[in-house]
Every structure is written in structure tokens, then in C-alpha cells.
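The structure under discussion appears below in the form of C-alpha cells.
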Amino acid sequence: METRQLEYFVAVAEELSFTRAAQRLLTGQSTVSAGVRALESELDTALFERSTRRVALTPAGVSLLPEAKAALNAIDRARLSVRLPDSGLHGRLRIATTGCRAVDLPKTVAVFKERHPQVDVRLTVSAGNSLGLVEEVKIGSLDLAMVDLPRSELGGLVTRVIQQRPYVVVLPPGHRYADRAELSLMDLKDEDFVDAPRGFGSRMVIDRAYDALDVRRNVVAEVADLRLAESYVDAGIGVAVAPDACVSEGMVVRPIAGAELSWSLSVVALRLSPAVRAVLAVLEEHS
């Protein structure tokens with residue numbers, strides 16, 4: 001099994017197209033097809049279902065994908081480990097984030113790339129949840145992720161908290177509690193809520209807080225991007241409890257009384273590699 005074959009397989013699996021994979025890898029489509037066929041022959045199994053209309057992973061391909069990504073990342077780390085210290089960072093760095101963008105990630109990546117131009121940075125703003133990103137870090141599909149999970153969910157990973165912010169109540173215009181200076185969680189127990197889906201860190205914190213009060217919330221709308229949730233609150237669909245860093249100016253916002261709820265944005269990695277250290281240094285400068 002050759003490294004190049006794994007690279008061809010991963011590119012086709014991510015693009016679901018031999019043509020786009022070839023364009024991404026700056027090579028010919030026939031080369032990519034031949035490499036994937038050679039890998040399938042070596043493994044004695046089909047990795048893709050091919051037709052004139054679509055390319056899809058077989059069950060074997062689905063199983064191989066995270067392992068192939070982990071293998072390629074391990075090879076990159078091995079190459080990086082033998083570079084001379086003064087030769088600069090090399091290799092590839094896969095970063096993902098989800099939820100509220102409380103950090104200027106585009107600026108962070110731009111500064112990192114300027115300082116370390118020989119690192120191939122791939123950034124994904126995921127529509128999935130933080131738990132999913134943590135699993136991708138653990139299996140090696142990602143080198144680094146920004147997640148908003150409680151520290152208790154991050155066991156076994158290198159973790160650096162880069163921001164901590166309080167939660168606030170976000171109300172629709174003209175809400176019956178709009179004249180209150182602050183609100184408790186119990187004040188809101190009978191309200192309809194707009195929140196992130198389960199598995200998101202912000203949702204986990206609020207669910208646990210209400211579980212401790214033995215209150216079952218009525219979540220009527222689930223929105224992956226907390227900033228998008230504002231439009232549902234503004235339309236009167238429900239109230240929200242969200243980190244203040246994720247709330248735009250002009251919204252009706254009140255502090256929470258009687259509960260110290262803190263939202264944490266953390267960087268997680270499987271190990272503190274030179275590239276991860278370099279990203280953390282930039283984040284500390286710009287967060």
C-alpha cells in the first residue's frame with residue numbers, strides 16, 4: 001500500500017468525483033483512477049460504487065476513510081519530526097471549527113500562513129457538532145479543532161482554553177420580560193427555546209443546567225449556527241440562552257441571575273506538535 005494511493009483514495013472520497021480529485025491533486029484523472037484501482041486490488045475489495053452519474057463510497061470505503069486520513073497525518077508528522085529545527089514548519093495542518101465564531105479565525109490562519117508558508121493549511125467550518133470534531137481529532141482526521149465542549153468531554157486530548165464568556169438570555173422584541181434587569185433560568189422554564197442541536201457544547205451546558213433544576217425545556221427550533229438563531233428569536237419563535245460573544249448588537253439581551261454559566265472555546269489536539277504550538281501562539285496574539 002503506497003502513500004500516493006491513500007492520497008488518491010482520500011481525495012476521491014472527499015470530492016466524490018475522480019475529476020475533481022485529479023484537479024485538486026494537480027494530476028491526471030487516469031492516474032487517480034489507476035491508483036485507486038491498485039489500492040482496491042491490494043485490499044481485494046471495492047472502495048467506490050461507480051456509475052456515469054455518481055461516485056459513492058462502499059461500506060469498505062467508509063471504514064477505510066478515517067484510517068487512511070490518520071495514516072497520512074502520521075506520515076506527515078513523521079516527516080516533520082526529522083526536519084532540521086531551522087528549516088521551518090512543513091507538512092499539512094487540518095483545522096476545523098464549529099458554532100459561534102468568537103475568534104477571528106480567518107485572521108489567525110492568514111497570519112499563520114504568512115509565518116509558515118510551507119505548511120499546507122486546510123480549514124473547515126463544520127456544520128456538525130463539537131463532539132464530532134473531537135472524534136475526528138482522536139482518530140487523526142484533524143490535527144486541531146476549536147470546540148465549545150465542557151472540559152469533562154475532552155479527556156485524552158491536549159486542550160487549551162482560549163476564551164471564556166458568560167451566557168446571557170436573548171429575548172424577542174417586546175417580550176414580557178424585556179423590562180427585567182436580569183433573569184434566572186427558572187424565570188424561563190415555561191418559555192419556548194431556540195438552541196443548538198444536541199451534541200453542541202453550548203446546548204450541553206444549558207441542558208445540564210436545566211437538568212440540575214429538574215426542568216424539561218421546550219426547544220422548538222434547533223439551529224447549528226448560534227448567530228442564525230438570532231433571527232428565530234427576533235421573529236418571536238422563542239428565547240435563547242447563548243454566550244454573549246455570539247450575540248449581535250441590537251438584540252434584547254439580559255444577564256442571567258443565580259447561575260454561573262460559562263462558555264469555553266478550546267483548542268484541542270491529539271498532541272502538542274510544533275505546528276499546533278505555532279497556531280496557539282497566533283491565537284494568543286489575536287484572541
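This chain uses plain numbering: 1 for the first residue, then up along the sequence. Since the model is a prediction, treat every value here as computed from it, not as a measurement.
To the nearest 0.5 Å, atoms OG1 (Thr31) and CG (Leu25) are separated by 10.0 Å. Rounded to the nearest 0.5 Å, atoms CD (Gln23) and CD (Gln29) are 8.5 Å apart. Taken to the nearest 0.5 Å, the CZ atom of Arg4 stands 4.5 Å off from the CD atom of Glu7. Atom CE of Met204 sits about 5.5 Å away from atom CZ of Arg208, to the nearest 0.5 Å. With rounding to the nearest 0.5 angstrom, the CG atom of Leu154 is 8.0 Å from the NZ atom of Lys138. Between Arg160 atom CZ and Ser264 atom OG the span is 14.5 Å, to the nearest 0.5 Å.
The shortest non-hydrogen separation linking Asn129 to Gly199 is CB-O, 3.3 Å. Across all non-hydrogen atoms, the minimal contact from Met146 to Leu133 is O-CD1, 4.2 Å. Closest approach of Asp148 to Ser130, counting heavy atoms only: OD1-OG, 2.8 Å. Ala229 and Val194 make their closest contact through CB-CG1, 3.7 Å (heavy atoms, listed as atom of the first residue, atom of the second, distance). A pairwise comparison of heavy atoms in Ala13 and Leu16 identifies O-CD2, 3.5 Å as the closest pair. Shortest non-hydrogen contact noted between Cys246 and Glu230 is O-OE2, 3.3 Å.
Clustering ILVMFWY residues whenever any of their side-chain heavy atoms sit less than 4.5 angstrom apart, transitively, puts Val62 in the very cluster that holds Val55. If you chain together hydrophobic residues whose side chains sit under 4.5 Å apart, Leu185 and Val215 fall into the same group. Taking hydrophobic clusters as Ile, Leu, Val, Met, Phe, Trp and Tyr residues chained together by side-chain heavy-atom distances below 4.5 Å, Val161 does not share a cluster with Leu144. With hydrophobic clusters built from ILVMFWY side chains whose heavy atoms lie under 4.5 angstrom apart, Leu213 shares a cluster with Val205. When the side chains of ILVMFWY residues are joined at heavy-atom separations under 4.5 Å, either directly or via intervening members, Val267 and Leu123 end up in a single hydrophobic cluster.
Using a 4.5 Å cut-off on side-chain heavy atoms (C-beta onward), Leu272 and Leu280 make contact. You'll find the side chain of Asp143 stays beyond 4.5 Å of the side chain of Ser273, heavy atoms only. By the 4.5 Å heavy-atom criterion applied to side chains, Tyr177 and Leu188 are counted as neighbours. In this structure, the side chains of Leu265 and Arg165 stay at 4.5 Å or more apart for every pair of heavy atoms. Residues Ser33 and Arg50 are not in side-chain contact: their nearest non-hydrogen atoms beyond the backbone lie 4.5 Å or more apart. Inter-residue side-chain proximity for Leu64 and Leu43 is flagged as met; some heavy-atom pair is nearer than 4.5 Å. Residues Val276 and Val158 form no side-chain contact, since every pair of their non-hydrogen atoms from C-beta on lies 4.5 Å or further apart. The side-chain heavy atoms of His116 and Leu93, taken from C-beta on, include no pair separated by under 4.5 Å.
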(message) Would Glu49 and Thr58 count as a side chain to side chain donor-acceptor pair (under 3.5 Å) here? Give the steps.
(response) CA-CA 6 Å; Glu49 296 176 355; Thr58 63; over 6 Å; no
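For Asn218, the side chain to side chain donor-acceptor pair (under 3.5 Å) partners are Asp192, not counting sequence neighbours.
Aromatic ring orientation, Tyr210 versus Phe193: perpendicular (interplanar angle above 60°, classes split at 30° and 60°).
Between the Ser51 side chain and the Arg53 main chain, a donor and an acceptor come within less than 3.5 Å of each other. Remark: the backbone N or O of Ala196 is paired with a side-chain donor or acceptor of Arg203 at under 3.5 angstrom. Glu153 places no side-chain N or O within donor-acceptor distance of the main-chain N or O of Pro150, the cut-off being under 3.5 Å. Checking side-chain atoms of Asp244 against main-chain N and O of Val168 turns up no donor-acceptor pair under 3.5 Å. Asp187 contributes a side-chain N or O that, together with a main-chain N or O of Ser184, makes up a donor-acceptor pair within less than 3.5 Å.
Residue Asp44 qualifies as open at atom CG: its count of foreign heavy atoms under 6.0 Å is 12 or below.
The six-membered or imidazole ring of Phe48 lies near that of Phe9, with a centre-to-centre distance under 6.0 Å.
Ion pairing of Arg37 with Glu40 is absent here, as no side-chain N (NZ or NE/NH1/NH2) approaches a carboxylate O to less than 4.0 Å. Between Arg94 and Glu136 there is no salt bridge, since no side-chain nitrogen of the basic residue lies less than 4.0 Å from a carboxylate oxygen of the acidic one.
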Donor-acceptor contacts, no H, no angles, side chain residues 251-258, under 3.5 Å, sequence neighbours left out:
| residue | atom | partner | partner atom | Å |
| --- | --- | --- | --- | --- |
| Arg254 | NE | Ala178 | O | 3.3 |
| Arg254 | NE | Arg180 | O | 2.7 |
| Arg254 | NH2 | Ala178 | O | 2.5 |

